[in-house]
Amino acid sequence: MLWLKALHIIAVVTWFAGLFYLPRLFVYHAEASESVVRERFKIMERRLLVMTNIGATLTLIFGVATLVWWVMHVPGYFKANPWLHAKLLLVFLLYAYHGYLARLTREFAQDRCTRSSRWLRIFNEVPALLLIGIVILVVVQPFKG
């Protein structure tokens, strides 16, 4: 189980690297005026999205495997830990955020993104807020039954 947990955390760190940096690239891309620079951002965004997708996939695989281990080895684990339900809701929101990043990557690749750099800067803060909530839920485990 500790190996699953370690691999899950490594995958989460990889995933969050992309969740934090890809929206920042969007800000720079939205502010770029030279076509050469904009084309370079398109390549960087596409490549970073691939790494982010890998991190998200591995996070899901190792997270589910860890949860299955707990459910199989501790009777009533899922029901006895309402903090976990809240964490999973925040994780679901992260995957939705990730999906929207993929959409924005496509829009920027097709020169169709109309979001302002100010909006993108605010949007860039969403994963940090979700991360704070997730870490507090996992470490403090409020609502523990």
Please round to the nearest 0.5 Å and tell me the distance separating atom [atom1] of [X] and atom [atom2] of [Y].
{"X": "L22", "Y": "L101", "atom1": "CG", "atom2": "CG", "value": "5.0 Å"}
{"X": "K42", "Y": "R106", "atom1": "NZ", "atom2": "CZ", "value": "15.0 Å"}
{"X": "L25", "Y": "L49", "atom1": "CG", "atom2": "CG", "value": "11.0 Å"}
{"X": "L88", "Y": "L94", "atom1": "CG", "atom2": "CG", "value": "11.5 Å"}
{"X": "R24", "Y": "R121", "atom1": "CZ", "atom2": "CZ", "value": "5.0 Å"}
{"X": "L137", "Y": "N81", "atom1": "CG", "atom2": "CG", "value": "11.5 Å"}

Mind checking whether [X] and [Y] have side chains closer than 4.5 Å, heavy atoms only?
{"X": "V140", "Y": "W83", "value": "no"}
{"X": "I61", "Y": "L7", "value": "no"}
{"X": "K87", "Y": "L90", "value": "no"}
{"X": "W69", "Y": "V64", "value": "no"}
{"X": "F62", "Y": "I10", "value": "no"}
{"X": "L104", "Y": "C113", "value": "yes"}

**Asked** W70 vs Y77 aromatic rings, parallel, tilted or perpendicular, using cut-offs 30° and 60°?
**Response** parallel
**Request:** Measure the acute angle between the ring planes of Y28 and F41, then classify it against the limits of 30° and 60° as parallel, tilted or perpendicular.
**Result:** tilted
Within one Ile-Leu-Val-Met-Phe-Trp-Tyr cluster: [X] and [Y], side-chain cutoff 4.5 Å:
{"X": "V68", "Y": "W3", "answer": "no"}
{"X": "L129", "Y": "Y21", "answer": "no"}
{"X": "L2", "Y": "I9", "answer": "no"}
{"X": "I43", "Y": "V27", "answer": "no"}
{"X": "I132", "Y": "V12", "answer": "no"}

Shortest non-hydrogen contact from [X] to [Y]?
{"X": "Y97", "Y": "P23", "value": "OH-CG, 3.2 Å"}
{"X": "F108", "Y": "A30", "value": "CE2-N, 4.0 Å"}
{"X": "G18", "Y": "T52", "value": "CA-OG1, 3.1 Å"}
{"X": "T66", "Y": "K5", "value": "OG1-N, 3.8 Å"}
{"X": "M51", "Y": "T14", "value": "CE-O, 3.6 Å"}
{"X": "W15", "Y": "A56", "value": "NE1-CB, 3.4 Å"}

**Asked** Do E31 and S117 have a side chain donor and acceptor closer than 3.5 Å?
**Response** yes
**Message:** Using side-chain contact (heavy atoms from CB on, under 4.5 Å), reason through M44 and H29 one step at a time and then give a plain yes or no.
**Reply:** CA-CA 10 Å; M44 293 169 67; H29 189 155; over 6 Å; no
**Prompt:** Taking atom CZ of R103 as the centre, does the number of heavy atoms from other residues, nucleotides or ligands within less than 6.0 Å exceed 12?
**Reply:** no
**Request:** Count the heavy atoms belonging to other residues, nucleotides or ligands that lie under 6.0 Å from OH of Y100, then report whether that count exceeds 12.
**Result:** yes
**Message:** Salt bridge or not between E34 and R38? Use side-chain N to carboxylate O under 4.0 Å.
**Reply:** no
**Message:** Run the ring pair (Phe, Tyr, Trp, His ring centres under 6.0 Å) test on F26 and F123 for me, step by step, so that the C-alpha distance in whole Å, both residues' side-chain angles and the decisive distance to 0.1 Å come before the verdict.
**Reply:** CA-CA 10 Å; F26 294 157; F123 182 70; 7.8 Å; no
